[in-house]
Amino acid sequence: MLIYPASESFEKSKRERFSDAHPYIAETHVNLSGKDLWIDTTPYATTSSGAGPRMPFAAAESQQFMVFNRYPSPAATQPFPYDGARLREDIAQYRYLSASGDAVAASLPLTRLAYPDVARFSSALNKPDRSMLRYLYFHYPDRVEVAPALNRLAGMTEQRLDRQGQHGLVLLSAVNYTTGAIARLEVNGQTVDIGDRALVSVAPLPAACHEFAQPIGAAFIMLSRPLALRWQTTGAVDAAGAAAMAAGTITPAGDIGATGAPEAPVAPGTPETPKPPGTPGTPDTPEPSSTANAAHPWHTATLHAPAFRHPEPVDGESTLMRLQLYFLPDGTVEVERFVQVHMPKDKLGIRATGIPARAAPYASCGGAYNTYNPQTVPLLAN
């Protein structure tokens, strides 16, 4: 039998109480600034490999994000930037370190976006807020924007939510047939955690498929209403991009207000001029003073999720609906709806509306069903 000194047991209990009161925070950083950055990770942070983040955060690798967990420490000389699972209210600037890492080199205004409603399903999972949230930091030349987002769901978490009959949460995937890598994506004003790298370009038909649709997180969506998408790419605007902006294919970014909230969606019932699904939005007024907006304009699209031919759920159908987005070379977006069906003997089936007609000429990787093994997962009647 091992006997531990009372002092060691006390210190262990003290550390556990501190960890419960000061959880680690999941962060993702996206470098759209055009320059190398030295991110302040104090007191300390670890990546999935167990090592600390590698600095600098290189501008030349903007398609690769910096992803880590930041941990508080009772011995830290500087206050932790979070109060529990929430970013401290008194933080208005984002500071960068010098190349040596021992001094503050510069700071930029920090703009906050609204928190997602994690209470809608955290109670079903019996998990704290911090395990539901990821803070996405978007670094621009003149500012930093921080968007708390729903953390990407692990397979076991999806299963638990499914068993609980969770409604309204939609799981998203996407394939990008445009020429630019997508670094930031919002669906109905909700920032989506697309992972540890940008949604890279996939060659359309007649090229062979080299990368299937990528899971890009989840959002609370009412599928009976239009979906408002907006996104930014890693590349700066070139002559072709400037021409597209003038034609309305891409939209210069607008200011985010003092509250940090994205532009408000159109209220239900508000009349508007109808336009075809997936049509890019109308450009806002350009802002010549913003270097960040000029380099990374917002692309926008409005689309409608197709309904199943037989709208009533079948036996065993999951309450977690899924959408696959198709970003097309002409700047438009199409969407496919699909859902998993739990069949007898632990088998899985798929209902899907199929590849949208406008996406079919480009879809080198097929549709949503192509990400499943047809030998074990049947495609059921739509």
Side-chain angles (χ1 to χ4, degrees), residues 22-83 85-113 133-149 181 183-184 191 193-194 196-198 232-237 253 255-258 260 287-297:
H22 305 85
Y24 72 84
I25 302 295
E27 293 185 10
T28 295
H29 293 257
V30 181
N31 189 353
L32 301 175
S33 70
K35 57 185 178 182
D36 293 350
L37 302 174
W38 277 261
I39 304 296
D40 182 3
T41 60
T42 55
Y44 72 99
T46 61
T47 64
S48 58
S49 69
R54 187 181 64 180
M55 299 297 169
F57 185 16
E61 300 175 3
S62 59
Q63 293 187 14
Q64 188 66 42
F65 305 159
M66 181 175 286
V67 180
F68 57 79
N69 292 332
R70 186 193 295 266
Y71 293 85
S73 169
T77 57
Q78 297 291 332
F80 196 57
Y82 299 89
D83 183 7
R86 300 286 172 126
L87 186 65
R88 291 200 339 255
E89 291 295 334
D90 61 327
I91 296 180
Q93 295 281 121
Y94 190 93
R95 67 177 192 174
Y96 296 99
L97 297 181
S98 62
S100 61
D102 57 2
V104 176
S107 63
L108 288 176
L110 181 68
T111 300
R112 303 161 179 258
L113 275 68
L133 289 174
R134 174 169 294 276
Y135 287 85
L136 306 180
Y137 287 84
F138 299 96
H139 299 261
Y140 298 99
D142 59 351
R143 71 191 186 282
V144 177
E145 295 185 14
V146 55
R184 181 175 182 179
T191 301
D193 174 19
I194 65 175
D196 59 3
R197 63 185 178 98
Q232 288 176 311
T233 62
T234 58
V237 177
D255 261 347
I256 290 183
E287 298 178 47
S289 61
S290 174
T291 55
N293 294 348
H296 300 283

Inset, instruction - List the steps, then state whether side chain to side chain contact (heavy atoms under 4.5 Å, CB included) holds for Gln63 with Arg197. - result: CA-CA 6 Å; Gln63 293 187 14; Arg197 63 185 178 98; 5.8 Å; no
Inset, instruction - Would you sort out whether Val30 and Leu136 count as a side chain to side chain contact (heavy atoms under 4.5 Å, CB included), showing the intermediate values? - result: CA-CA 8 Å; Val30 181; Leu136 306 180; 5.9 Å; no
Inset, instruction - Kindly determine whether Phe65 and Ile194 satisfy side chain to side chain contact (heavy atoms under 4.5 Å, CB included), including the steps that lead there. - result: CA-CA 10 Å; Phe65 305 159; Ile194 65 175; 3.9 Å; yes
Inset, instruction - Show your reasoning for whether side chain to side chain contact (heavy atoms under 4.5 Å, CB included) applies to Leu87 and Arg112. - result: CA-CA 9 Å; Leu87 186 65; Arg112 303 161 179 258; 3.5 Å; yes
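At least one side-chain heavy atom of Pro109 sits under 4.5 Å from a side-chain heavy atom of Gln93. At least one side-chain heavy atom of Val67 sits less than 4.5 Å from a side-chain heavy atom of Arg134. The shortest distance between side-chain heavy atoms of Pro43 and Phe80 falls below 4.5 Å. The shortest distance between side-chain heavy atoms of Tyr96 and Lys35 does not fall below 4.5 Å. Contact annotation: the side chain of Thr41 approaches that of Met55 to within less than 4.5 Å [non-hydrogen atoms, C-beta and beyond]. Using a 4.5 Å cut-off on side-chain heavy atoms (C-beta onward), Ile39 and Met66 make contact.
Thr47 places a side-chain N or O within 3.5 Å of a backbone atom of Ala51 that can act as its donor or acceptor partner. The closest donor-acceptor contact from the side chain of Asn31 to the backbone of Phe57 lies under 3.5 Å.
Using cut-offs of 30° and 60° for the angle between ring planes, the Tyr71 and Tyr44 rings count as parallel. Between His29 and Phe68, the angle of the ring planes stays under 30°, which puts this pair in the parallel group of the 30/60° scheme.
What you find for Ile25 and Tyr135 is that their closest heavy atoms are CG2-CD1, 3.5 Å. The two atoms that bring Val144 and Tyr137 nearest to each other are CG1-CD2, 4.0 Å, heavy atoms only. Across every non-hydrogen atom of Pro56 and Asp36, the tightest pair is CB-CB, 4.0 Å. Between Gln64 and Asp196, the shortest heavy-atom contact is NE2-O, 3.1 Å. Residues Ala85 and Pro23 share a closest heavy-atom pair of N-CG, 4.5 Å. For the residue pair Leu32 and Thr234, the shortest heavy atom distance occurs at CD2-CA, 4.0 Å.
Between Phe138 and His296, the ring center distance fails the sub-6.0 Å criterion.
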